[in-house]
Amino acid sequence: MDTRTIHIESRTERLVAAREFVSAAARECGFPDDEVSKIALAVDEACTNIIKHAYRNDPTKKISVSVKNKNGGLEIVIADSGTGFDPTRIQPPDMKEYLSHYRHGGLGVYLMKSLMDKVEYKISSGRRNEVRMTKYLSR
Amino acid sequence: MSEFKIAQREKDAVHVLELKGYLDAHTAPALEEAFQTLLKNQRFNIVVNCKDLSYISSAGLGVFMAYIEDVRKNNGDIKLSNMSPKVFNVFDLLGFPLLYEITKEEQDAVKKFHPGK
């Protein structure tokens, strides 16, 4: 599969387009249905974070989602030009503590890391922020 | 467009919300509104039937987290039922079964509000 890219407007109603785009690529790559769902959810979480935090719900902004086969897996790059954040400052939540204090929000990054094999960030705030996620077929 | 619908009914003094479709950051406000109305109307015994819920993201999970404390402060609870394995996996991944009672059938969740019956 050559690299394929979809550009979506920064609006939550466009999340479905991002999910469908990566689901089709993941199926084509040979992922079973349950893995396809995990990949789609990770992409949904990444795009939701961009819409809400990087672009602060500005619908005129754009998000690009690219997919390609890589080393027996699927690599997805999601890019925006909004306000970047330092992902190393986000500590993975202690879920037991999180739940016992009825906290909410901030679970997207944790889910992305749990659902994918690799999640990397390249942040250049205001210019180009990238989250690169990989899922391998045989793990 | 991602579709999401909520049907509501009463069963043995328990308010049942039936969710259908895709619960993501776009559709989560509709569920939030439903919970707000329930709380406003003092309905604190709530079962969420997820039989036709095809998808949930953290935005959807966040809605359950946002209201559980208020509901329990009022001696009520939010119980969940009829989840597909796919939806359950997302709840499970985040440890939600520790906090929420999740039953196979709606009837079992409703009965838990009336122990001894």
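Here is the naming used below: chain letters follow the sequence lines, and residue numbers restart at 1 for every chain. All of these numbers come straight from a predicted model, not from anything done at the bench.
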For residues 56-63 of chain B, tabulate all N or O donor-acceptor pairs below 3.5 Å that involve a side-chain atom, not counting sequence neighbours.
residue  : atom : partner  : partner atom : Å
Ser57(B) : OG   : Ala59(B) : N            : 3.4
Ser58(B) : OG   : Glu45(A) : OE1          : 2.6
Ser58(B) : OG   : Glu45(A) : OE2          : 3.2

Side-chain donor/acceptor pairs under 3.5 Å, residues 61-73 of chain A, sequence neighbours excluded:
residue  : atom : partner  : partner atom : Å
Ser66(A) : OG   : Thr5(A)  : OG1          : 2.8
Lys70(A) : NZ   : Glu75(A) : OE2          : 3.1

Sort Ala40(A) into side chain, backbone, both or neither according to what part of it lies under 4.5 angstrom from a heavy atom of chain B. backbone
Are there more than 12 heavy atoms of other residues, nucleotides or ligands under 6.0 Å from atom NZ of Lys112(B)? no
All heavy atoms of His26(B) vs all of Leu15(A), minimum pair found to be N-CD1, 4.4 Å
If hydrophobic clusters are built by linking Ile, Leu, Val, Met, Phe, Trp and Tyr wherever their side-chain heavy atoms come under 4.5 Å apart, do Leu107(A) and Leu99(B) end up in the same one? yes
With a 4.5 Å heavy-atom cut-off (strictly below), which parts of residues 40-52 of chain B touch chain A? List them by number. none
Just to be sure I understand the criterion: a residue of residues 84-98 of chain B counts if one of its heavy atoms is under 4.5 Å from a heavy atom of chain A. Which ones qualify? Lys86(B), Val90(B), Leu93(B), Leu94(B), Gly95(B), Phe96(B), Leu98(B)
So with a 6.0 Å cut-off around CD of Glu33(B), is the heavy-atom count from everything else above 12? no
Are Leu39(B) and Ile6(B) in one and the same hydrophobic cluster, where Ile, Leu, Val, Met, Phe, Trp and Tyr link if side-chain heavy atoms are under 4.5 Å apart? yes
Do other residues, nucleotides or ligands put more than 12 heavy atoms under 6.0 Å from Arg9(B) CZ? yes
Determine, for Tyr55(B) and Arg19(A), whether the Lys NZ or Arg CZ falls below 6.0 Å from the six-membered ring centre while staying within 45 degrees of the axis. yes
Count I, L, V, M, F, W, Y as connected when their side-chain heavy atoms are under 4.5 Å apart, and connections chain through other members. Are Phe35(B) and Val110(B) then in the same cluster? no
Same cluster for Met83(B) and Leu23(B) if Ile/Leu/Val/Met/Phe/Trp/Tyr side chains link at under 4.5 Å? yes
If Ile, Leu, Val, Met, Phe, Trp and Tyr residues are connected whenever their side-chain heavy atoms lie under 4.5 Å apart, and connections chain through other members, are Val43(A) and Ile6(A) in the same group? yes
